[in-house]
Visitor: 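This is the structure, below, for whatever I ask next.
Nothing fancy with the numbering, it's 1 onward along the sequence. The figures that follow rest on heavy atoms only: side chains count, while hydrogens, waters and symmetry mates do not.
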Amino acid sequence: MIARAALLAWTIASLVLPRTSSAQVGGDSLRLDVLQAAAEQHDPRAQQIAIRESQSVLRLRTMAAERLPNITGSALAQHQSVVTEFPAAPGQSGPSLLHDTYDAYVGVSDPLLDLTRPARAAAERAQLARARADVATALYGVRQQVNASFFNAASLSARHDAVAATIADLESQAKVVEARVRNGTA
């Protein structure tokens with residue numbers, strides 16, 4: 001976690017420090033809200049919201065489909081190779097049994113009342129809200145890391161500017177001293 005924050009700070013510092021001079025001249029600058037949005041967008045946990053939402057939509061559709069009637073069917077076919085034969089009276093034919101039998105069934109069930117469906121749908125929506133809150137909480141930590149890194153980079157940039165101004169001032173004072181020495185006044 002610390003290594004990740006350090007990497008983030010280094011990345012932001014490397015983006016901010018070289019752009020300080022061009023930001024003052026050309027107006028190109030980094031904004032905190034843009035950096036926060038980019039960090040959240042590139043965090044893999046941000047994609048979990050879309051995945052959880054699609055899962056929730058599918059579960060709610062399944063619950064809505066439970067209200068539709070269920071149609072079931074089954075079929076059975078049998079063939080008897082050997083069938084018992086009854087002796088027939090003289091001059092009459094005896095009853096013969098069929099070698100094949102066929103059965104088919106169709107069933108329709110229509111749920112009339114399911115008191116658990118509204119509660120299950122509400123629970124699913126609550127779980128989705130909790131998942132959104134969990135991801136938002138996780139991404140809040142990323143925003144805090146970006147804030148800390150941004151202000152560290154801004155502080156480093158200000159120090160860099162101060163050091164550059166000090167160096168420029170010392171160089172100008174050195175030139176003045178050299179000029180005085182050359183002219184013999186010092």
Side-chain angles (χ1 to χ4, degrees), residues 1-16 30-153:
M1 190 71 146
I2 294 173
R4 186 175 178 193
L7 178 64
L8 190 61
W10 181 82
T11 304
I12 290 176
S14 67
L15 291 173
V16 171
L30 293 175
R31 294 179 33 181
L32 182 59
D33 59 339
V34 173
L35 291 173
Q36 288 174 342
E40 286 180 1
Q41 190 177 31
H42 288 86
D43 194 311
R45 293 173 288 192
Q47 297 171 355
Q48 288 180 357
I49 291 177
I51 293 170
R52 298 259 175 109
E53 285 176 351
S54 65
Q55 288 175 343
S56 181
V57 165
L58 291 174
R59 286 187 190 110
L60 289 173
R61 271 193 209 158
T62 301
M63 287 179 209
E66 290 174 358
R67 295 175 21 189
L68 301 174
N70 295 323
I71 300 173
T72 58
S74 64
L76 175 67
Q78 293 180 356
H79 174 75
Q80 298 290 329
S81 59
V82 178
V83 178
T84 305
E85 294 183 14
F86 297 103
Q92 294 181 355
S93 64
S96 69
L97 298 176
L98 299 175
H99 287 272
D100 298 324
T101 57
Y102 304 98
D103 293 324
Y105 301 100
V106 175
V108 176
S109 64
D110 191 10
L112 296 176
L113 182 63
D114 184 4
L115 297 177
T116 64
R117 191 176 304 120
R120 288 186 291 143
E124 182 61 37
R125 286 189 288 275
Q127 285 177 352
L128 178 61
R130 180 175 180 245
R132 284 181 181 152
D134 288 346
V135 170
T137 302
L139 292 179
Y140 184 77
V142 171
R143 290 176 67 96
Q144 293 297 79
Q145 289 176 351
V146 169
N147 289 346
S149 300
F150 180 81
F151 289 116
N152 282 340

Visitor: For Arg52, which residues count as a salt bridge (charged side-chain N to carboxylate O under 4.0 Å, His left out) partner, sequence neighbours excluded?
Guide: none
Visitor: Apply side chain to side chain donor-acceptor pair (under 3.5 Å) to Gln47 and list each qualifying residue two or more places apart in sequence or on a separate chain.
Guide: none
Visitor: What's the separation between atom OG1 in Thr116 and atom CE in Met63, rounded to the nearest 0.5 Å?
Guide: 9.0 Å
Visitor: Identify the two heavy atoms, one from Leu115 and one from Leu113, that lie closest to each other, and give their separation to 0.1 Å.
Guide: CD2-CD1, 3.8 Å
Visitor: What residues, two or more places apart in sequence or in another chain, satisfy salt bridge (charged side-chain N to carboxylate O under 4.0 Å, His left out) together with Asp103?
Guide: none
Visitor: Just jot down the side chain to side chain donor-acceptor pair (under 3.5 Å) partners of His42, sequence neighbours excluded, or say none.
Guide: none
Visitor: Could you check whether any side-chain N or O of Asn152 sits under 3.5 Å from a backbone N or O of Ala148, counting only pairs where one atom can act as donor and the other as acceptor?
Guide: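 Yes; judged by distance alone, with no hydrogens or angles, the pair exists.
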Visitor: Residues two or more places apart in sequence or in another chain: which of them pass side chain to side chain donor-acceptor pair (under 3.5 Å) with Asp110?
Guide: none
Visitor: Would you say Thr72 and Tyr105 make side-chain contact, with heavy atoms under 4.5 Å?
Guide: no
Visitor: Using the salt bridge (charged side-chain N to carboxylate O under 4.0 Å, His left out) criterion, which residues pair with Asp114? Sequence neighbours excluded.
Guide: Arg117, Arg120
Visitor: Which atom names give the shortest non-hydrogen contact between Ala46 and Val135, and what distance separates them?
Guide: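 Taking every non-hydrogen atom into account, CA-CG1, 4.3 Å.
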Visitor: So, using side chain to side chain donor-acceptor pair (under 3.5 Å) as the criterion, who are the partners of Glu40 when residues are at least two apart?
Guide: Arg143
Visitor: For residues 122-140, which residue pairs qualify under salt bridge (Lys or Arg N to Asp or Glu O under 4.0 Å), counting only residues two or more places apart or in two chains?
Guide: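 Listed by first then second residue: Glu53-Arg132, Arg59-Glu124.
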Visitor: Is it the case that over 12 heavy atoms from other parts of the model lie below 6.0 angstrom from the OH atom of Tyr140?
Guide: no
Visitor: To the nearest 0.5 angstrom, please state how far the CG atom of Leu128 sits from the CG atom of Leu60.
Guide: 8.5 Å
Visitor: Who are the side chain to side chain contact (heavy atoms under 4.5 Å, CB included) partners of Gln78, not counting sequence neighbours?
Guide: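 Listed in chain order: Leu76, Gln80, Thr101.
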Visitor: So which heavy atom on Pro111 is nearest to which on Pro69, and how close?
Guide: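 Heavy-atom minimum between the residues: CD-CA, 4.3 Å.
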Visitor: Output all residues satisfying side chain to side chain contact (heavy atoms under 4.5 Å, CB included) with Val34, sequence neighbours left out; order by chain, then residue number.
Guide: Arg31
Visitor: Not counting sequence neighbours, list each pair that qualifies as a salt bridge (Lys or Arg N to Asp or Glu O under 4.0 Å) and has a residue in residues 72-81.
Guide: none
